[in-house]
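These numbers come from the heavy atoms of this one structure, side chains and all, not from hydrogens, waters or symmetry mates. Heads up: numbering here begins at 1 and tracks the sequence.
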Amino acid sequence: MIDVIDRQILNILQSEARTSNAEIARQVGLAASATLERVRKLEDRGLIKGYEAKLCPECLEWSTLAFVFVRSEEKPGQMSTGDCLAQIPGVLEVHHVAGEDCYLTKVRTDSTEALGRLLREDFGSIPSVVGTRTTIVLETIKETSKLIIRDGDIDAVANSVANAAADPEPVAEPKPVDESASEPAGTGASA
């Protein structure tokens, strides 16, 4: 189960992944050892997929950002075009999408000329690609990978992701106990 403290830990790490274990423990009100154990369990269950530094693309001369829609002629269920797109340097994201196009990619290059070469030489060298549509970004207003952590259905999703990754035997979750049904009426007992 993911409880309030796990959600707090996830939010802290999403905001600043370099937050020390001691600082996380202080913020959530636990001992450092208990906090470290919770973080490890969140990693093992697949809720935390990794840690990375956010770099400034413009500072590294990757100032041209574009989204490229890709049409391919592969048969339904095939994903070889997506695998080929994912191998191209400069391609940051590859999404298999529904609609007129088959894939949506996010790419970064150092210039529009380099973007043109990327499309001609790299995308164009994939035999199943039959066309592309490119949108160049003029200005980025917001870009984040931070997720909103909801209270309700996160446990079921986390368990299915962890199970799919590890493929262990399914574990039955305990059923909630209705304590009011086992107490005589009017006792007013509470746990």
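Atom OG1 of residue T109 and atom CG of residue L115 lie 4.5 Å apart, to the nearest 0.5 angstrom. Rounding to the nearest 0.5 Å gives a distance of 11.5 Å between OG of S145 and NZ of K49. A distance of 8.5 Å separates CG of N21 from CZ of R40, quoted to the nearest 0.5 Å. Atom SG of C102 and atom CD of E74 lie 6.5 Å apart (nearest 0.5 Å). The CG atom of D44 sits 8.5 Å away from atom CD of E37, with the distance rounded to the nearest 0.5 Å.
For the pair D6 and I149, the minimum side-chain heavy-atom distance is 4.5 Å or more. Taking 4.5 Å as the limit, every side-chain heavy atom of L10 sits out of range of all side-chain heavy atoms of L147. Between L85 and I126 the shortest side-chain heavy-atom distance falls below 4.5 Å. Contact annotation: the side chain of T35 never approaches that of R38 to less than 4.5 Å [non-hydrogen atoms, C-beta and beyond]. Residues I2 and R7 form a side-chain contact, since some pair of their non-hydrogen atoms from C-beta on lies under 4.5 Å apart.
Contact record, K146 with S15: NZ-OG, 3.0 Å, taken as the closest heavy-atom pair. In this structure, S111 and A114 approach most closely via the heavy-atom pair OG-N, 3.0 Å. Between P57 and L55, the shortest heavy-atom distance links the atoms CD-O, 3.1 Å. Of all non-hydrogen atoms in I9 and L42, the two that sit nearest each other are CG2-CD1, 4.0 Å.
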Practice problem: Report the C-alpha distance between R18 and E23 in whole Å, list the side-chain angles of each, state the deciding distance to 0.1 Å, and finish with yes or no for side-chain contact (heavy atoms from CB on, under 4.5 Å). | Solution: CA-CA 10 Å; R18 291 185 57 172; E23 177 59 21; over 6 Å; no
Exercise. Take Y103 and V129, measure what side-chain contact (heavy atoms from CB on, under 4.5 Å) needs, and give me the verdict at the end.
Key: CA-CA 10 Å; Y103 297 94; V129 171; over 6 Å; no
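With hydrophobic clusters built from ILVMFWY side chains whose heavy atoms lie under 4.5 angstrom apart, L30 shares a cluster with I24. A single hydrophobic cluster is not seen to contain both V91 and V97; linkage of ILVMFWY side chains at heavy-atom distances under 4.5 Å, directly or through other members, places them apart. Residues I5 and I12 share a hydrophobic cluster, clusters being chains of Ile/Leu/Val/Met/Phe/Trp/Tyr side chains in contact below 4.5 Å.
Within a 6.0 Å sphere centred on CD of E16, heavy atoms belonging to other residues, nucleotides or ligands number more than 12.
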Which donor-acceptor pairs under 3.5 Å do side chains of residues 60-73 form with protein atoms, sequence neighbours excluded?
none

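Applying the side-chain hydrogen bond (donor to acceptor under 3.5 Å, both in side chains) test to every pair with at least one member in residues 118-133, sequence neighbours left out, gives these pairs: T81-S128, D101-R133.
Using a 3.5 Å distance cut-off with no hydrogens or angles, the side chains of Y51 and E43 do pair a donor with an acceptor.
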